[in-house]
Amino acid sequence: MTSTFPTVTRDGDAAFAGMAARIGAIAARHASEHDRDATFVSEAYEAMREEGYLALAVPEELGGLGATMRQVCYAQAELARHDGATALAVTMHLYLTLMQCYRRRKGAPDAEGVLRRVASEGLVIATSGGSDWLWPTTTATPVDGGFLVSGRKSFCSQSPRADVVATCAVLGEEVLHFSAPLSAEGVRIEETWDTLGMRGTASHDVVLEDVFIPAGKIAARRPYGEFGAPLSAAVVHFAPVCGATYYGIAAGARDVAVRSTSKNAVRQIGLMDYKLRTAWWSLMGSIEELGDDYTAGAEAVTTVMLAKRYAVLEAVEVVNTAMEVLGGRSFFKRSPLERAYRDVRAGTFHPLTPEATLVYAGKVAQGDPGVTE
């Protein structure tokens, strides 16, 4: 049986895929248990810590492994073949690490310190981006030396293991972006994650009650309701890694179907391979189009978001086809396709959603500066 893992087209593309496979094998042994109980994929994170995977994208000169965005995508696709929840949880940390690399390149004074902490201390960064987006409800109140922040953040993946949450709060007509330590006074995790799929990500709510954020810790500001530089930088690095993760879930489902069926399903297998290959080409093509010295503006957001949209929607179709190939056997809870069917659908909820992506791309084409609805 041939594998659907992406063909290596450049030296070093799959440099970290072996590491991802080792971590994935550990994750796979516990995946059913975590899915059943909606508990965090802690064993996989311990393996990541031991392997150095959490510092995958940190530059080598700062103590990390120096993976490029392409290499992170290859690794994440491999990890997701074994367990989608593990791969999606760490996607949130890895894209934020890539974003800090970008910010460092653009001269942000705090970025290098964050990257060094990821490498030396094993700092794990969570995000509330999926719940905050353009219109956060969390508020910031000015006080001496900083702000008191209060509110609730949903979809905080990997919160049981994270050290800080990258988030934002409203101050008048602008939004402040900052990171809050999860150990800070006034921060608590409420275990709300009881969902259809991706149950092992433990994407619980984080509640902030009068949490003090020093003024010097405000990393960026943007107008309320607009992308601005902070969100643009986030989504440009999130989209490819997210797309690769859902690709990996679909590739794993394809492999299960190929191993488990007769030669009567050759057309469906060919269809799955067609969809997977074109989805991967789309993701890699978007990174290629960005180039090495990109700026995270509206055009860059459009480029990677269109690729993510295609990869996610094709991943859903591939899993559907794999279940058709396997037939009724895929309907049992013991089938890995049953979990893949549920997990892969989460891809359609990440911002920008598939429909919002088309609206955004159309607005940008017409000269809109990048505000979405």
Side-chain angles (χ1 to χ4, degrees), residues 19-51 53-54 56 75-76 78-96 122-131 152-167 180-183 187-208 241-242 245-246 248-249 252-253 256 319 330-350:
M19 179 188 298
R22 292 192 297 273
I23 296 166
I26 294 170
R29 289 201 293 270
H30 302 275
S32 294
E33 169 193 342
H34 290 305
D35 179 68
R36 182 188 67 240
D37 300 333
T39 50
F40 183 56
V41 290
S42 54
E43 299 86 359
Y45 265 64
E46 179 59 25
M48 290 181 207
R49 185 192 63 79
E50 293 177 356
E51 293 261 9
Y53 195 82
L54 295 167
L56 187 62
Q76 283 294 98
E78 176 60 33
L79 182 58
R81 285 161 65 92
H82 300 269
D83 180 37
T86 295
L88 184 63
V90 78
T91 285
M92 304 308 169
H93 168 81
L94 291 175
Y95 97 78
L96 288 167
L123 182 78
V124 176
I125 312 170
T127 176
S128 63
S131 60
R152 177 182 291 268
K153 307 294 186 178
S154 302
F155 304 115
C156 296
S157 299
Q158 58 175 354
S159 55
R161 175 61 182 83
D163 300 293
V164 298
V165 57
T167 188
L182 289 176
S183 61
V187 179
R188 72 176 188 274
I189 296 172
E190 287 193 4
E191 296 188 357
T192 55
W193 193 244
D194 187 13
T195 52
L196 176 69
M198 289 295 182
R199 292 169 58 80
T201 62
S203 303
H204 300 305
D205 286 7
V206 173
V207 179
L208 303 95
V241 183
C242 174
T245 296
Y246 287 99
I249 295 171
V256 169
V319 176
S330 66
F331 203 61
F332 284 89
K333 292 289 289 184
R334 64 176 177 266
S335 169
L337 293 190
E338 187 271 344
R339 186 169 68 251
Y341 179 85
R342 290 182 286 109
D343 283 352
V344 79
R345 275 157 173 75
T348 62
F349 297 111
H350 297 289

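Just so we're clear, the structure is a prediction, and the values are computed from it rather than from any experiment. Index from 1, following the sequence.
Annotation: side chain of Phe331 is not in contact with side chain of Glu338 (no heavy-atom distance under 4.5 Å). Asp35 has its side chain out of reach of Met198: every pair of non-hydrogen atoms, C-beta onward, lies at least 4.5 Å apart. Put simply, the side chain of Cys156 does not reach to within 4.5 Å of the side chain of Ser203, judged on heavy atoms. Contact of the Val90 side chain with the Tyr45 side chain is registered, since non-hydrogen atoms from C-beta on lie closer than 4.5 Å. Put simply, the side chain of Leu79 reaches to within 4.5 Å of the side chain of Met48, judged on heavy atoms. Between Ile23 and Glu51, the closest side-chain pair of non-hydrogen atoms falls below 4.5 Å. Taking the side chain as every heavy atom from C-beta outward, Val206 and Val187 approach each other to under 4.5 Å. The shortest distance between side-chain heavy atoms of His204 and Pro160 falls below 4.5 Å.
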Check the pair Glu33, Arg36 against salt bridge (charged side-chain N to carboxylate O under 4.0 Å, His left out), reporting the backbone distance first and the verdict last.
CA-CA 5 Å; Glu33 169 193 342; Arg36 182 188 67 240; 5.5 Å; no

Ser32 vs Arg339, side chain to side chain contact (heavy atoms under 4.5 Å, CB included): CA-CA, chis, key distance, verdict:
CA-CA 8 Å; Ser32 294; Arg339 186 169 68 251; 3.5 Å; yes

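Among all heavy-atom pairs drawn from Leu94 and Leu54, the shortest one is CD2-O, 4.4 Å. Between Ser128 and Thr167, the shortest heavy-atom distance links the atoms OG-OG1, 2.7 Å. Scanning both residues, Trp193 and Ala38, for their nearest heavy atoms gives O-CB, 3.7 Å. Summarising the geometry of Leu208 relative to Ala180, their closest heavy-atom pair is CD2-CB, 4.2 Å, with the distance given to 0.1 Å. When every heavy atom of Thr201 is checked against every heavy atom of Ala89, the shortest pair comes out as CG2-N, 4.1 Å. Taking each heavy atom of His82 and Gly24 in turn, the nearest pair found is CB-O, 3.3 Å.
No more than 12 heavy atoms of other residues, nucleotides or ligands sit less than 6.0 Å from atom CZ of Phe155. At most 12 non-hydrogen atoms from other residues, nucleotides or ligands lie less than 6.0 angstrom from CD of Glu191.
Looking at Thr91 and Gln76, their side chains do bring a donor and an acceptor atom within 3.5 Å of each other. Counted by atom type alone, Tyr246 and His350 present one or more donor-acceptor pairs between their side chains at under 3.5 Å. In summary, the side chains of His34 and Thr39 do present a donor paired with an acceptor at a separation below 3.5 Å, with no hydrogens or angles considered.
Taking OG of Ser159 as the reference point, atom CE of Met92 lies at 12.0 Å (rounded to 0.5 Å). Distance check: Thr127 OG1 to Leu96 CG gives 5.0 Å after rounding to the nearest 0.5 Å. Residue Asp343 holds its CG atom at 8.5 Å from CG of Leu196, rounded to the nearest 0.5 Å. A distance of 11.0 Å separates CG in Leu182 from CZ in Arg161, rounded to the nearest 0.5 Å. To the nearest 0.5 Å, the span separating CE on Met19 from CD on Glu78 amounts to 12.5 Å. Summarising the geometry, atom OG1 belonging to Thr245 is positioned 6.0 Å from atom CG belonging to Leu88; distances are rounded to the nearest 0.5 Å.
Under a 3.5 Å cut-off, the side chain of His93 and the backbone N or O of Ile125 do form a donor-acceptor pair.
Classification of Glu190 and Arg152 as a salt-bridged pair holds, one side-chain N sitting under 4.0 Å from a carboxylate O. In summary, Asp37 and Arg199 do not engage in a salt bridge, as defined by a charged side-chain N under 4.0 Å from a carboxylate O. A salt bridge is absent between Asp83 and Arg81: the closest approach of a Lys/Arg side-chain nitrogen to an acidic carboxylate oxygen does not fall below 4.0 angstrom.
Tested against Val256 for a side-chain contact (heavy atoms from CB on, under 4.5 Å), the candidates Ser330, Pro336, Ser335 yield a single pass: Pro336.
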